[in-house]
Amino acid sequence: SSVESTRLTYSANEYSKTFTFSTPYLTSPACVATAENDNVNVYITSISLSNVTVEISNPPETGKKTIVNLHIHEVSQ
């Protein structure tokens with residue numbers, strides 16, 4: 001089964017990022033997103049066979065960054 005992981009970095013005024021999978025999945029994968037260094041809520045707002053969109057509740061202050069760890073797992077049938 002396929003597994004991917006990445007870190008999404010949000011800068012000031014950014015609250016939404018889309019990550020494109022290295023290879024499209026045959027069925028929607030399971031995705032888990034967690035904030036690494038800030039007290040923010042993380043939401044997966046869209047999952048397709050080729051990408052996932054992740055939003056955070058508050059963008060970081062100017063000059064700071066918020067990191068979100070994203071794990072994608074193929075779902076077995």
Please check if any side-chain donor atom of T45 sits under 3.5 Å from a side-chain acceptor atom of T53, or the reverse.
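Looking only at side-chain atoms, T53 and T45 do not form any donor-acceptor pair under 3.5 Å.
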Criterion side chain to side chain contact (heavy atoms under 4.5 Å, CB included) on T66 and V40, from CA distance to verdict
CA-CA 9 Å; T66 296; V40 297; 4.1 Å; yes
I need the minimum non-hydrogen distance between [X] and [Y], along with the two atoms involved.
| X | Y | answer |
| --- | --- | --- |
| A35 | V42 | N-CG2, 3.6 Å |
| S22 | E4 | N-OE1, 3.1 Å |
| L70 | L8 | CD2-CD1, 4.2 Å |
| F21 | L49 | CD1-O, 3.5 Å |
| P29 | S48 | CD-O, 3.8 Å |

Going only through I, L, V, M, F, W and Y residues with side-chain contacts under 4.5 Å, is there a path from Y43 to V32?
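Each belongs to a different hydrophobic cluster.
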Can you tell if the side chain of V68 reaches within under 4.5 Å of the side chain of I56, non-hydrogen atoms only?
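Of all side-chain heavy-atom pairs linking I56 with V68, at least one is under 4.5 Å.
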So does [X] have more than 12 non-hydrogen atoms from other groups sitting under 6.0 Å from [atom1]?
| X | atom1 | value |
| --- | --- | --- |
| Y15 | OH | no |
| L26 | CG | no |
| E36 | CD | yes |

Go through the steps for V54 and F19 under the test side chain to side chain contact (heavy atoms under 4.5 Å, CB included), then give the verdict.
CA-CA 8 Å; V54 180; F19 175 75; over 6 Å; no
Over 60° means perpendicular and under 30° means parallel, so classify the ring planes of H73 and H71, tilted if in between.
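Aromatic pair H71/H73 classed parallel.
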Distance, nearest 0.5 Å, that separates [atom1] of [X] from [atom2] of [Y]:
| X | Y | atom1 | atom2 | answer |
| --- | --- | --- | --- | --- |
| C31 | I47 | SG | CD1 | 4.0 Å |
| E74 | S28 | CD | OG | 11.5 Å |
| T34 | N69 | OG1 | CG | 5.0 Å |
| T6 | I72 | OG1 | CD1 | 7.0 Å |

K65 NZ/CZ over Y10 ring centroid, <6.0 Å and within 45° of normal
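Cation-pi check for K65 and Y10: fails.
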